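What follows is a set of notes on a single structure, which appears directly below.
Keep in mind that this is a model prediction, so the values were computed, not measured.
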Amino acid sequence: MNRYTTLLDITGLPLYRSVGARLLYVHLCLKSGYHKDDLDICRESLAQLSYNTGMTISATRHALSLLTTAGLVTREGSALKVVKFVQPVLAAKRSAASRQDGTD
């Protein structure tokens, strides 16, 4: 199956030095859902994540804790929600009066 996904540029975060955290983040981004009901949700267990990434369970647990601390992964029940993009900050609209007279 071919599909596209997004992921954040995590190169500026301290966890980027951890190969396991990088691998797990990319794996979670690729395996997370893309429908409205499961958007950015990954339903793999710790053992499945470990097996699918080729890491030990201990290394997977550590990488998951790094991602959770950084705010890139949150728990939703038994599933994991992955942060794959940042909402843009929209500037407030200027009032009509300041636009008409040219002052800001």
Side-chain angles (χ1 to χ4, degrees):
M1 169 170 75
N2 293 327
R3 67 181 177 102
Y4 295 95
T5 192
T6 58
L7 58 128
L8 290 175
D9 178 3
I10 61 171
T11 57
L13 299 177
L15 67 82
Y16 187 73
R17 295 182 53 88
S18 169
V19 175
R22 285 190 307 226
L23 175 62
L24 186 60
Y25 179 68
V26 171
H27 176 76
L28 289 170
C29 286
L30 294 173
K31 291 305 220 177
S32 62
Y34 53 92
H35 298 101
K36 281 190 177 187
D37 61 329
D38 67 349
L39 186 64
D40 299 338
I41 300 289
C42 183
R43 299 193 193 288
E44 291 185 10
S45 69
L46 188 64
Q48 288 172 320
L49 290 172
S50 173
Y51 178 79
N52 290 335
T53 57
M55 298 190 308
T56 64
I57 289 183
S58 177
T60 305
R61 190 178 292 118
H62 178 69
L64 192 56
S65 73
L66 290 174
L67 294 171
T68 303
T69 302
L72 295 173
V73 175
T74 56
R75 283 222 175 261
E76 290 199 357
S78 62
L80 298 171
K81 182 167 179 78
V82 187
V83 176
K84 297 195 301 187
F85 61 95
V86 178
Q87 290 285 24
V89 177
L90 301 175
K93 291 185 177 182
R94 295 184 294 174
S95 66
S98 67
R99 285 186 294 210
Q100 289 175 352
D101 66 7
T103 60
D104 290 324

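Atom OG1 in Thr56 sits 10.5 Å away from atom NE2 in His62 (nearest 0.5 Å). Distance check, rounded to the nearest 0.5 Å: OG of Ser50 to CG of Leu64 gives 11.5 Å.
Listed by chain and residue number, Asp9 satisfy the side-chain hydrogen bond (donor to acceptor under 3.5 Å, both in side chains) test with Thr11 (two or more places apart in sequence, or in another chain). Listed by chain and residue number, Glu44 satisfy the side-chain hydrogen bond (donor to acceptor under 3.5 Å, both in side chains) test with Asn52 (two or more places apart in sequence, or in another chain). Listed by chain and number, the residues in a salt bridge (charged side-chain N to carboxylate O under 4.0 Å, His left out) with Lys84 are Asp40 (sequence neighbours excluded). Partners of Ser18 under the side chain to side chain contact (heavy atoms under 4.5 Å, CB included) rule, at least two apart in sequence or in another chain, are Ala21, Leu66.
Contacts classified as salt bridge (charged side-chain N to carboxylate O under 4.0 Å, His left out) and involving residues 20-38 (residues at least two apart or in different chains) are not found. Applying the side-chain hydrogen bond (donor to acceptor under 3.5 Å, both in side chains) rule to pairs touching residues 66-80 yields nothing, sequence neighbours excluded.
Hydrophobic clustering keeps Ile41 apart from Leu24 (ILVMFWY residues linked when any side-chain heavy atoms are closer than 4.5 Å, directly or through intermediates). When the side chains of ILVMFWY residues are joined at heavy-atom separations under 4.5 Å, either directly or via intervening members, Val83 and Val73 end up in a single hydrophobic cluster.
Residues Leu80 and Leu28 approach most closely at CD1-CD2, 4.1 Å, considering heavy atoms. The shortest non-hydrogen separation linking Leu46 to Thr60 is CD1-CG2, 3.7 Å. Between Tyr25 and Ile10, the shortest heavy-atom contact is CD2-CD1, 3.9 Å. Across Ala63 and Met55, no two heavy atoms sit closer than the pair CB-CE, 4.3 Å.
At least one side-chain heavy atom of Leu72 sits less than 4.5 Å from a side-chain heavy atom of Leu13.
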